[in-house]
Structure formats: structure tokens, C-alpha cells
> 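Mind having a look at this structure? Questions to follow.
In what follows, chains carry the letters A, B, and so on, assigned in the order in which the sequence lines appear, proteins first and then strands, with residues in each chain numbered from 1.
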Protein chains: 2
Amino acid sequence: MASTYENILETSYRLFAEHGFEKTSMAMIAKALNISKPALYYHFESKDAIIDTLFEELCRSIAFSRFFKLQDYTRTNFAEKLTSDGLHLIGSQQEDARYSQIMKQYQALGYRNAKYAERLLEILEGFTAGFAELLQHGAALGAIPDDDVLVRAQMLNMILDSIDNYINYGFKYDYNAIWIKAVADIVKGVDHA
Amino acid sequence: MASTYENILETSYRLFAEHGFEKTSMAMIAKALNISKPALYYHFESKDAIIDTLFEELCRSIAFSRFFKLQDYTRTNFAEKLTSDGLHLIGSQQEDARYSQIMKQYQALGYRNAKYAERLLEILEGFTAGFAELLQHGAALGAIPDDDVLVRAQMLNMILDSIDNYINYGFKYDYNAIWIKAVADIVKGVDHA
DNA sequence: GTCTATATCGGGATAGAC
DNA sequence: GTCTATCCCGATATAGAC
């Protein structure tokens with residue numbers, strides 16, 4: 001049996017994804033949980049506190065190193081591994097529609113509260129840095145060209161981020177083909193014997 | 001002297017970009033214009049009506065064909081023209097910070113009102129279709145390879161969309177280099193004598 | 001077309017009992 | 001930890017005069 005605290009977070013997450021932060025009132029959350037508003041306020045001092053807590057949880061769950069493990073990449077499997085790790089990430093986001101919907105709202109919150117914008121930028125920068133490190137590693141292995149590593153990393157990051165967004169928009173692009181081609185363009189220029 | 005109607009739209013646009021739709025009250029808009037709230041309601045029946053009108057204006061101003069003109073592309077200038085047209089679009093968005101901030105809010109609105117989401121998808125799809133047509137044209141000219149035209153078009157669209165987003169985030173990527181490399185990857189595989 | 005004044009509603013948040 | 005009842009505020013929106 002989950003604690004009330006956890007139930008609140010879980011239900012809030014669902015309602016926020018469905019209706020947005022602004023249109024989800026404390027009354028709605030309470031009703032969905034079959035508890036009263038003051039009971040909510042016992043666990044969280046404000047609606048913003050719920051939003052904040054969810055945000056911190058989400059941020060912790062996103063990290064480049066959770067999806068791309070540098071030590072597994074070798075000269076011969078580099079392109080193949082980069083492809084499959086990316087496809088795995090794409091697949092996991094295609095399954096969880098709520099994730100992108102919530103994240104987009106935190107982006108919007110960034111206007112009024114710099115904290116959100118900064119934290120999200122950190123995550124994106126983390127991915128760019130992760131790709132840069134990975135490509136550097138690949139270049140050192142001789143698996144990919146060693147020029148323009150940063151620009152290549154930024155492109156991979158953008159493509160992956162876009163794929164995430166477009167999935168959320170409901171586009172029926174062939175994301176796997178796009179990612180495969182993106183990786184192919186990155187590794188292009190090196191022969192593999 | 002601009003009409004009150006136009007002044008309302010202009011001022012609303014500015015305030016919405018600065019504070020967001022929800023935190024911009026009708027009272028704020030009225031005050032900024034030195035008119036009263038009821039005067040606002042004379043011109044627009046609701047706050048949503050202002051938001052809607054701005055949205056329609058914005059949508060009309062965005063069209064693939066405004067930036068990329070098919071008839072100007074030839075076999076020899078194809079890559080060069082695709083690059084410069086894209087850079088031009090990127091440059092114009094770097095100058096207008098408000099544009100992306102407003103657009104992101106309309107994206108967020110899409111949750112509760114499908115109309116916004118659908119219209120924005122139409123625009124994005126218009127760009128993808130535009131790139132597809134352009135690349136098809138380029139392939140017919142012999143300027144670029146003729147395989148995977150759709151995937152290539154989707155990638156260009158994603159990169160351009162991402163660049164727009166990242167500019168808004170405040171990232172200091174080298175966007176010109178990214179776009180140039182994206183175009184180079186697209187045209188790769190064809191010799192130009 | 002614009003004003004003053006006001007109605008009305010829904011939201012977040014709290015007091016105090018159990 | 002949870003409840004009932006209530007406060008308070010700010011928002012949209014309107015009535016009716018000028």
C-alpha cells in the first residue's frame with residue numbers, strides 16, 4: 001500500500017499531464033484521491049511544492065549515462081551501439097506519452113521561474129557534453145572522424161531532442177530511420193575493415 | 001496613429017511574451033494601454049479572443065515558401081542556396097526573441113485546446129512537405145541523391161526546429177555551423193563538376 | 001468607444017475539530 | 001492525518017452612464 005504522499009505525487013503527475021498545471025486545481029487532485037483539500041496541504045505546503053517535487057524526481061531520472069554507457073563502445077561496434085542505444089531511448093519515450101507533456105510544461109514555467117529553465121538547460125547540456133565525450137572517445141578509437149566533434153555532438157543532441165518532441169506532437173515520422181541516418185552521417189568518413 | 005484594436009494586439013503580444021498568457025491579466029493589458037478593462041472587452045469579447053487573434057496572425061506569417069523559394073534553386077547553386085536560405089531564417093529568429101517565447105506557449109495551450117496543437121502541426125508538416133518538395137526538385141536536377149528524400153526532409157525540418165528552440169533556450173551553439181553541416185550531409189553523394 | 005462601479009466565480013490556502 | 005467550513009484574493013466579465 002503506497003503512502004498518501006506517494007499517491008499524491010502519482011495522481012498529480014497524471015492530472016498535470018492531462019490538464020496542465022494551471023487547469024489542475026488542488027480540489028481536482030483531492031477529489032481524484034478521495035481525500036480533502038486540507039489533507040493535501042498537510043503533505044505539501046502548496047501546489048507549487050507538488051510541482052517542484054515532481055520536477056526534481058523527473059530530473060533525477062534523466063541522465064545521459066543512463067542510456068549511453070561509454071565503456072561499452074569499441075572501435076568495431078561504435079556506430080551500431082550508438083544506434084541501438086538511441087533507438088532504445090526513443091522507444092522508451094514513445095511508450096510514456098506523459099513524460100514529454102509534463103516536460104513541455106516545465107519548459108513553459110521557465111519564463112516566470114528561472115530555476116526550471118536553468119535545470120532543463122543543465123540536462124540538455126549534459127546530453128550535449130555526453131555526446132561530445134562519446135564522440136571524442138570514438139575518434140580516439142578511430143571509429144569516427146575527429147574533426148567537428150562538438151558540432152556533431154550538438155547535432156545528435158538536437159535530433160534526439162526533436163524526435164522526443166515530435167513523438168509528443170503525434171507525428172508519424174520514421175524515427176528509427178532518422179536516427180539511423182543521423183548516426184550514419186556522424187560516423188561517415190572512416191573505413192571499417 | 002494605430003487603432004485601439006491594433007494597439008491591444010501589439011501590447012498583448014509584448015506582455016504575453018514577457019509574462020505568459022496566464023500571468024497577464026486583462027487589467028495589466030488595460031493599464032499598459034492607459035484604457036479601462038471594459039474598453040478592452042469592447043474590442044475583444046474575452047482574453048482568449050485576443051490570444052486566438054494573435055495566434056492566427058502568427059500562423060499566417062509562418063510559411064515555408066516565405067523562406068525557401070523553389071524556383072530559385074538550380075543544379076549548381078542548390079546546396080549554397082539551401083544553406084543561405086536556412087541561415088537567413090535562423091538569423092531572423094535570433095533577432096525576435098518574443099516569437100519563440102509566444103510560440104512555446106501556444107504549444108503548451110495545445111493540451112487543453114486541440115485547435116492550437118493541430119494548427120502548429122500543420123505548420124510543421126508544411127515545412128516537412130516543403131523540404132521534401134525542395135529535395136525532390138534537387139534530386140531531379142541531379143544536385144542531390146534521390147534516395148531517402150523524405151527522411152532527409154524530416155531531418156532538415158527537425159534540425160531547423162531544434163535550432164529555433166535552442167536559440168530560445170539561450171544556448172550558445174554554433175547554429176550556422178550546424179546548419180551548414182546538416183545541408184552538407186544532405187547533398188553528400190553527388191559530384192559537382 | 002470609453003469610462004466607473006460592480007457582480008460573480010473559482011482558485012489557493014487556513015482554522016480548528018476529530 | 002484527515003475532516004468541515006471558511007477566508008481571501010484576483011480573475012473574467014458585465015451593467016449602465018457618458
> Report the distance from atom CD1 of A:Ile8 to atom P of D:dG1, rounded to the nearest whole Å.
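Computing the A:Ile8:CD1 to D:dG1:P distance gives 10 Å.
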> Take the protein atom NZ of B:Lys23 and the nucleotide atom C1' of D:dT12, then report the distance between them rounded to whole Å.
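From B:Lys23 NZ to D:dT12 C1': 15 Å.
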> When you compare the side chain of A:Tyr175 with that of A:Asp164, does any pair of heavy atoms fall below 4.5 Å?
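With C-beta onward as the side chain, the pair stays apart.
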> Could you tell me whether A:Lys115 and A:Asp52 make a salt bridge, using a distance below 4.0 angstrom between a side-chain N and a carboxylate O?
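Yes, A:Lys115 and A:Asp52 are salt-bridged.
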> Check the pair B:Asn165, B:Phe171 against side-chain contact (heavy atoms from CB on, under 4.5 Å), reporting the backbone distance first and the verdict last.
CA-CA 9 Å; B:Asn165 286 332; B:Phe171 272 154; over 6 Å; no
> Any side-chain donor paired with an acceptor under 3.5 Å for B:Thr128 and A:Tyr173?
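Per modelled atom types, B:Thr128 and A:Tyr173 side chains form a pair under 3.5 Å.
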> Let me know the distance between NE2 of B:His19 and P of D:dA11, rounded to the nearest Å.
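Checked: the NE2 to P distance equals 12 Å.
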> Using a 4.0 Å heavy-atom cut-off, write out nucleotides 5-10 of chain D from 5' to 3' as B (base contacted by protein), S (sugar-phosphate only) or - (no contact).
B-----
> Could you give the NZ-to-C1' distance, from A:Lys31 to C:dG10, as a whole number of Å?
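Between C1' of C:dG10 and NZ of A:Lys31: 14 Å.
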> Nearest whole Å is fine: how far is D:dT12 C1' from B:Ile29 CD1?
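It works out to 12 Å between those atoms.
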> Got A:Ser92 and A:Phe67 here, is their nearest side-chain heavy-atom distance under 4.5 Å?
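A side-chain contact under 4.5 Å exists here.
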> Reckon A:Ser36 has a side-chain N or O less than 4.0 Å from the OP1 or OP2 of D:dT4?
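Looking at the OP1 and OP2 atoms of D:dT4, neither is under 4.0 Å from any side-chain N or O of A:Ser36.
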> Nearest whole angstrom, please: distance from the P of D:dG1 to the CG of A:Asn7.
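Answer to the nearest Å: 13 Å.
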> Under 6.0 Å between ring centres: does that hold for A:Phe68 and A:Tyr73?
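So the answer is no for these two rings.
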> Rounded to whole angstroms, how far apart are CE on A:Met26 and C1' on C:dT14?
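Spelled out: CE on A:Met26 to C1' on C:dT14 is 12 Å.
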> Salt bridge between B:Arg119 and B:Glu122, side-chain N to carboxylate O under 4.0 Å?
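Yes, charged N to carboxylate O under 4.0 Å.
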> I need the residues from residues 40-50 of chain A with at least one non-hydrogen atom less than 4.0 Å from DNA chain C; give them sorted by number, or say none.
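Correct list: A:Tyr41, A:Ser46, A:Lys47.
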> Quick check: closest heavy atoms across B:Leu15 and B:Thr24, and the distance to 0.1 Å?
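Closest approach of B:Leu15 to B:Thr24: O-OG1, 3.3 Å.
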> Salt-bridged, A:Arg152 to A:Asp185, with N to O below 4.0 Å?
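Judged by the 4.0 Å cut-off on N to carboxylate O distance, A:Arg152 and A:Asp185 do not form a salt bridge.
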